[in-house]
Amino acid sequence: MTEKRLILMGPPGGGKGTQAKVLQEAYSIVQLSTGDMLRAAVVAGTGVGKQVKAIMDAGNLVSDEIVIGMISERLDVEDCVNGFILDGFPRTLAQAEGLDSMLKEKGIVLDSVVEIRVPDQNLVDRITGRFTCSKCGEGYHDTFKLPIIADSCDSCGNAEFTRRADDHAETVKSRLETYHKQASQLLPFYESTGLLTVVDGDQDMVAVTTEIKRVLDS
Ligand code: ADP
Ligand code: ADP
Ligand code: ZN
């Protein structure tokens with residue numbers, strides 16, 4: 001199987017994490033989520049974690065320097081050699097440019113940039129209904145994806161779940177505004193490289209996966 005190196009773009013709640021988890025199994029590649037890395041830093045109470053907690057809780061973006069540095073270090077870990085999915089990065093034009101020069105330096109070539117597109121009005125429900133297994137990180141939803149057995153994670157059987165501090169209706173509007181503002185710069189950037197494909201994210205999870213796989217396998 002050929003290696004895959006891709007960027008998954010999409011609005012908050014658009015299904016990036018959900019799809020990344022399926023794709024990492026399907027293609028034996030790793031999911032690199034800046035959101036997950038930052039949340040882990042907050043929980044661990046690292047210097048970066050202390051710096052970003054309030055910014056994240058308010059639904060604002062953390063500095064480009066922090067996320068670019070995190071991704072640059074993460075790409076050097078050997079599990080990335082078979083391929084990777086960038087989930088939630090880059091989010092600004094400066095991050096895209098930073099990624100571009102870092103990949104050139106590391107001799108890595110991207111295969112694909114996929115934008116999962118979902119109408120704004122669906123994202124409030126997606127975000128406010130989201131919860132996650134606190135042990136393995138499997139994602140769930142109050143309406144769209146409940147565990148098969150109530151209160152038991154499908155993947156690991158754990159009975160504890162968490163909800164993100166930023167996943168409430170008040171932050172959604174500004175997170176979406178920020179996304180659209182940044183995407184209006186990022187999408188043309190990747191369109192000009194010929195790597196960008198837009199996928200309809202307003203369909204069930206399996207149908208979205210099928211569309212993304214079609215892009216990656218073509
Ligand atoms: P979502 O699931 O809403 O898209 P993420 O888990 O990707 O959210 O990100 C959660 C938060 O982490 C963001 O609101 C932001 O504060 C921070 N964050 C994650 N990735 C980035 C990034 N590439 N640039 C700046 N901030 C980021
Ligand atoms: P992102 O990583 O882009 O912020 P998630 O993958 O966490 O988004 O998805 C947000 C929420 O919506 C989760 O609760 C997830 O279970 C649910 N979800 C993801 N994809 C779909 C879909 N195609 N249809 C309905 N709900 C979905
Ligand atoms: Zn689990």
Side-chain angles (χ1 to χ4, degrees), residues 7-23 31-42 48-49 51-71 85-96 98-99 114-119 122-147 151-168 171-172 174-176 178-179 182-183 186 199-212:
I7 296 173
L8 259 194
M9 283 184 62
K16 302 180 296 296
T18 301
Q19 297 301 328
K21 287 199 164 54
V22 177
L23 297 171
Q31 171 195 15
L32 308 183
S33 158
T34 42
D36 286 349
M37 292 176 200
L38 290 165
R39 279 186 290 279
V42 170
V48 167
Q51 231 176 305
V52 301
K53 185 180 185 309
I55 299 170
M56 292 178 73
D57 286 350
N60 296 320
L61 293 183
V62 313
S63 78
D64 292 330
E65 290 68 32
I66 289 179
V67 286
I68 291 171
M70 272 184 355
I71 287 293
I85 307 158
L86 291 171
D87 161 7
F89 177 92
R91 254 190 172 75
T92 64
L93 190 57
Q95 290 177 23
L99 176 66
V114 173
E115 188 208 12
I116 305 177
R117 200 164 282 181
V118 180
N122 300 355
L123 294 168
V124 180
D125 283 348
R126 290 244 194 129
I127 289 172
T128 54
R130 165 162 60 188
F131 63 99
T132 307
C133 170
S134 51
K135 192 167 165 197
C136 75
E138 182 71 24
Y140 293 95
H141 192 279
D142 291 328
T143 311
F144 307 124
K145 189 190 166 193
L146 284 165
D151 299 328
S152 171
C153 173
D154 298 350
S155 299
C156 77
N158 174 47
E160 269 173 58
F161 300 88
T162 51
R163 287 180 194 262
R164 281 169 43 178
D166 56 342
D167 275 351
H168 44 78
T171 61
V172 174
S174 75
R175 283 160 70 191
L176 288 177
T178 304
Y179 176 74
Q182 301 299 345
L186 277 179
V199 159
D200 178 11
D202 189 16
Q203 32 178 359
D204 69 63
M205 297 174 200
V206 175
V208 179
T209 305
T210 303
E211 261 200 52
I212 298 175

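Every number for a ligand or one of its atoms is a count from 1 in the order of the listing.
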**Student:** Give the atoms of ligand 1, by number and element, whose distance to some non-hydrogen atom of Gly35 is under 4.0 Å.
**Tutor:** 5 (P), 6 (O), 9 (O), 19 (C), 20 (N)
**Student:** List the closest protein heavy-atom neighbour of atom 5 (P) of ligand 1: residue, atom name, distance to the nearest 0.1 Å.
**Tutor:** Arg91 NH2, 3.5 Å
**Student:** Check the Zn ion (ligand 3) and write out every protein N, O or S atom at under 2.8 Å, as residue and atom.
**Tutor:**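 Listed by chain and number, the atoms are Cys133 SG, Cys136 SG, Cys153 SG, Cys156 SG.
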**Student:** Give the contacting part of Asp204 toward ligand 2: side chain, backbone, both or neither, where contact means a heavy-atom distance below 4.0 Å.
**Tutor:** backbone
**Student:** Any idea which heavy atoms bring Gly13 and Ile127 closest together, and the distance?
**Tutor:** CA-CG1, 3.8 Å
**Student:** Got a salt bridge between Asp167 and Arg175, using NZ or NE/NH1/NH2 to carboxylate O under 4.0 Å?
**Tutor:** yes
**Student:** Do the side chains of Ser155 and Cys133 get nearer than 4.5 Å, heavy atoms only?
**Tutor:**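 A side-chain contact under 4.5 Å is absent here.
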**Student:** Pro11 heavy atoms, cut-off 4.0 Å: which ligand 2 atoms fall inside?
**Tutor:** 3 (O)
**Student:** From atom 9 (O) of ligand 2, work out which of Asp36, Leu146, Thr18 has a heavy atom at the shortest distance.
**Tutor:** Thr18
**Student:** For the residue pair Phe161 and Phe131, does the interplanar ring angle fall in the parallel (under 30°), tilted (30 to 60°) or perpendicular (over 60°) class?
**Tutor:** perpendicular
**Student:** Judged on heavy-atom distance to atom 1 (P) of ligand 2, which of Arg130, Arg126, Gln19 sits nearest?
**Tutor:** Arg130
**Student:** Under 3.5 Å between any N/O of Lys16 and any N/O of ligand 1: does that happen in this structure?
**Tutor:**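 By distance alone, the answer is yes.
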**Student:** Checking a contact table here: which protein heavy atom is nearest atom 12 (O) of ligand 1, and how many Å away?
**Tutor:** Met56 CE, 3.3 Å
**Student:** Ignoring hydrogens, just give me the one of Thr178, Ile71, Asn60 whose non-hydrogen atom is nearest atom 15 (C) of ligand 1.
**Tutor:** Asn60
**Student:** Any idea which part of Leu61 is under 4.0 Å from ligand 1, heavy-atom wise: side chain, backbone, both or neither?
**Tutor:** both
**Student:** Report the member of Ser33, Gly13, Gly17 with the shortest heavy-atom distance to atom 2 (O) of ligand 2.
**Tutor:** Gly17
**Student:** Below the 3.5 angstrom mark, is there an N/O of Asp166, backbone or side chain, next to an N/O of ligand 1?
**Tutor:** no
**Student:** Between Glu211 and Val114, is any pair of side-chain heavy atoms under 4.5 Å apart?
**Tutor:**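 Result no, sub-4.5 Å side-chain heavy-atom pair not found.
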**Student:** Output yes when the distance from some N or O of ligand 1 to some N or O of Val62 is under 3.5 Å, and no in every other case.
**Tutor:** yes
**Student:** If you apply the rule side chain to side chain contact (heavy atoms under 4.5 Å, CB included), what do you find for Asp36 with Gln31, and how did you get there?
**Tutor:** CA-CA 10 Å; Asp36 286 349; Gln31 171 195 15; 4.1 Å; yes
**Student:** Please report the C-alpha distance between Gln182 and Gln95 in whole Å, then the side-chain angles of each, then the deciding distance to 0.1 Å, and finally whether the side-chain hydrogen bond (donor to acceptor under 3.5 Å, both in side chains) criterion is met.
**Tutor:** CA-CA 10 Å; Gln182 301 299 345; Gln95 290 177 23; over 6 Å; no
**Student:** Using a 4.0 Å cutoff against the non-hydrogen atoms of Tyr140, which atoms of ligand 2 qualify?
**Tutor:** 13 (C), 14 (O), 16 (O)
**Student:** Side chains of Lys135 and Glu160, heavy atoms from C-beta outward: is any pair under 4.5 Å?
**Tutor:**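 Answer no - side chains too far apart.
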**Student:** Which is it for Arg164 and ligand 1 at heavy atoms under 4.0 Å: side chain, backbone, both or neither?
**Tutor:** side chain
**Student:** Check each heavy atom of Ile127 against ligand 1 and say whether those closer than 4.0 Å belong to the side chain, the backbone, both or neither.
**Tutor:**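 Under 4.0 Å from ligand 1, Ile127 contributes no heavy atoms.
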**Student:** Using a strict 4.0 Å cut-off to heavy atoms of Phe144, name the atoms of ligand 2 that fall inside it.
**Tutor:**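 Near Phe144, meaning under 4.0 Å from one of its heavy atoms, ligand 2 has 25 (C), 26 (N).
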**Student:** Report the nearest protein non-hydrogen atom to atom 8 (O) of ligand 2: residue, atom name, distance rounded to 0.1 Å.
**Tutor:**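 Its nearest protein heavy-atom neighbour is Gly15 N, 3.1 Å.
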**Student:** Taking the non-hydrogen atoms of Met37, is any one of them nearer than 4.0 angstrom to ligand 1?
**Tutor:** no
**Student:** Could a heavy atom of Gln203 be found less than 4.0 Å from some atom of ligand 2?
**Tutor:** yes
**Student:** In the protein, what heavy atom is nearest to atom 27 (C) of ligand 2, and what distance, to one decimal place, separates them?
**Tutor:**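 The closest heavy atom on the protein side is Met205 CE, 3.3 Å.
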**Student:** Show me which atoms of ligand 1 lie under 4.0 Å from any heavy atom of Thr34.
**Tutor:** 19 (C), 20 (N), 21 (C), 23 (N)
